[in-house]
Asks: 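Here it is, the structure, as structure tokens.
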Amino acid sequence: MARRKQVYEGKAKILFEGPEPGTLVQYFKDDATAFNAQKKGTITGKGVLNNRISEYLMMRLEEVGVPNHFIRRLNMREQLIRQVEIIPVEVVVRNIAAGSISKRFAIDEGTKLPRTIVEYYYKNDQLGDPLVSEEHITGFGWASIHEIDDMLNMSLRINDFLSGLFLGIGIKLVDFKVEFGRLWHDNGDMQIILADEISPDNCRLWDAKTNDKMDKDRFRRDLGRIEEAYQEVARRLGILPESGPSDVQGPATMQ
Ligand code: UDP
């Protein structure tokens, strides 16, 4: 079988050339990194679960009018996506203080923020993804004012929709990170769409009753039961792989 051409390899995903022009195949690895890749590990079955979880959330978001790169799932670890030009800005939306904002402003983790706070980080591993302002983004030419406006509006819509969706299954959406890309249409029009993934790798998800962490903080902070937490998110979303995930070596809760 002809080897597919690899376009990009990131910390948790690999992108391959897709079957048609303008498409890519996004492959989800089990690799996990934290603290700008200083901590590395494997979360068995994570790629399979994140492929499903991201598929599900992207499809729901498309239904409520948030355009995104997802086309269809191909197999356990791969999905077909639209090729976009990634904007090198990570948009973080926060509802409850945790992680870096708690450290930076000495706010106890779990404190509800007075209002939702949106932050921008420059996507650059060598620099450790520094926090940036709109001035940096426009000044350095990473995105225009209109593009920032589109990203901000979509991020707030994503937050509203996902906060409700997760609360419905007993999970608090504490914060999350999203990335956007430019999609060019045949008529020359350009549209900003949601890209990358939405999964417990880039959201903080807390059980609504117990505040138990159900996300990558279990890996970052060595809390154990990491695989189980990702599975529980998928289970509550009602999307555990049906056919016996042959490459998920997790506990028997998988159907
Ligand atoms: N996040 C991410 N990728 C990054 C940095 C952050 O997906 O490179 C997510 C992270 O999982 C959390 C949110 O963005 O849901 C806010 O992260 P924070 O700034 O608190 O950073 P951290 O505590 O992870 O260093």
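Just so you know, these numbers use all the heavy atoms, side chains as well, and skip hydrogens, waters and symmetry mates. These figures come from a predicted structure and were not determined experimentally. Ligands are counted one by one from 1 in listed order, and the atoms in each one are counted from 1 as well.
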Asks: Any donor-acceptor pair under 3.5 Å linking the side-chain atoms of Asn95 with those of Asn159?
Replies: yes
Asks: Decide, yes or no, whether a salt bridge links Lys13 with Glu78 under the criterion of side-chain N to carboxylate O below 4.0 Å.
Replies: no
Asks: Would you say Phe35 touches ligand 1, if touching means a heavy atom closer than 4.0 Å?
Replies: no
Asks: For Val174, is the nearest heavy atom under 4.0 Å from an atom of ligand 1?
Replies: no
Asks: Applying a heavy-atom cut-off of 4.0 Å, say which part of Asn202 lies close to ligand 1: side chain, backbone, both or neither.
Replies: both
Asks: I want to confirm something. Looking only at heavy atoms, which of Ala98, Gly99, Ser100, Ser199 is nearest to atom 18 (P) of ligand 1?
Replies: Ser100
Asks: Starting from atom 2 (C) of ligand 1, which protein heavy atom do you reach first, and at what distance in Å?
Replies: Lys177 CE, 3.4 Å
Asks: Of the backbone atoms (N, CA, C, O) and the side-chain heavy atoms from C-beta on, which set of Arg94 has a member under 4.0 Å from an atom of ligand 1: side chain, backbone, both, or neither?
Replies: side chain
Asks: Tell me whether Lys39 forms a cation-pi arrangement with Phe219, defined as NZ or CZ under 6.0 Å from the six-membered ring centre and within 45 degrees of its axis.
Replies: yes
Asks: Lys11 and salt bridge (charged side-chain N to carboxylate O under 4.0 Å, His left out): which partner among Asp30, Asp125, Asp201?
Replies: Asp125
Asks: Going by an N to O cut-off under 4.0 Å, is there a salt bridge joining Arg220 and Asp217?
Replies: yes
Asks: Of the protein's non-hydrogen atoms, which lies at the shortest distance from atom 22 (P) of ligand 1, and what is that distance?
Replies: Arg204 NH2, 3.6 Å
Asks: Below 4.0 Å, non-hydrogen atoms only: which portion of Ala34 touches ligand 1? Side chain, backbone, both or neither.
Replies: neither
Asks: Select one of side chain, backbone, both or neither to describe which atoms of Asp201 lie under 4.0 Å from any atom of ligand 1, heavy atoms only.
Replies: backbone
Asks: How far is atom 10 (C) of ligand 1 from its nearest protein heavy atom, and which residue and atom is that?
Replies: Arg220 NH2, 3.5 Å
Asks: Is Lys103 in contact with ligand 1, taking contact as a heavy-atom separation below 4.0 Å?
Replies: no
Asks: Checking side-chain polar atoms at under 3.5 Å, does Tyr8 have a donor or acceptor matched by the opposite partner on Gln6?
Replies: no
Asks: Does the pair Arg225/Asp212 count as a salt bridge with the N-to-O cut at 4.0 Å?
Replies: no
Asks: What's the shortest distance from atom 5 (C) of ligand 1 to any protein heavy atom, and which residue and atom give it?
Replies: Glu90 OE1, 4.2 Å
Asks: Under 6.0 Å from the six-membered ring centre of Phe28 and within 45° of its axis: does the NZ or CZ of Arg77 meet both?
Replies: no
Asks: What residue and heavy atom of the protein are closest to atom 15 (O) of ligand 1, and at what distance?
Replies: Asp175 OD1, 2.6 Å
Asks: Does a side-chain heavy-atom distance below 4.5 Å link Val178 with Leu194?
Replies: yes
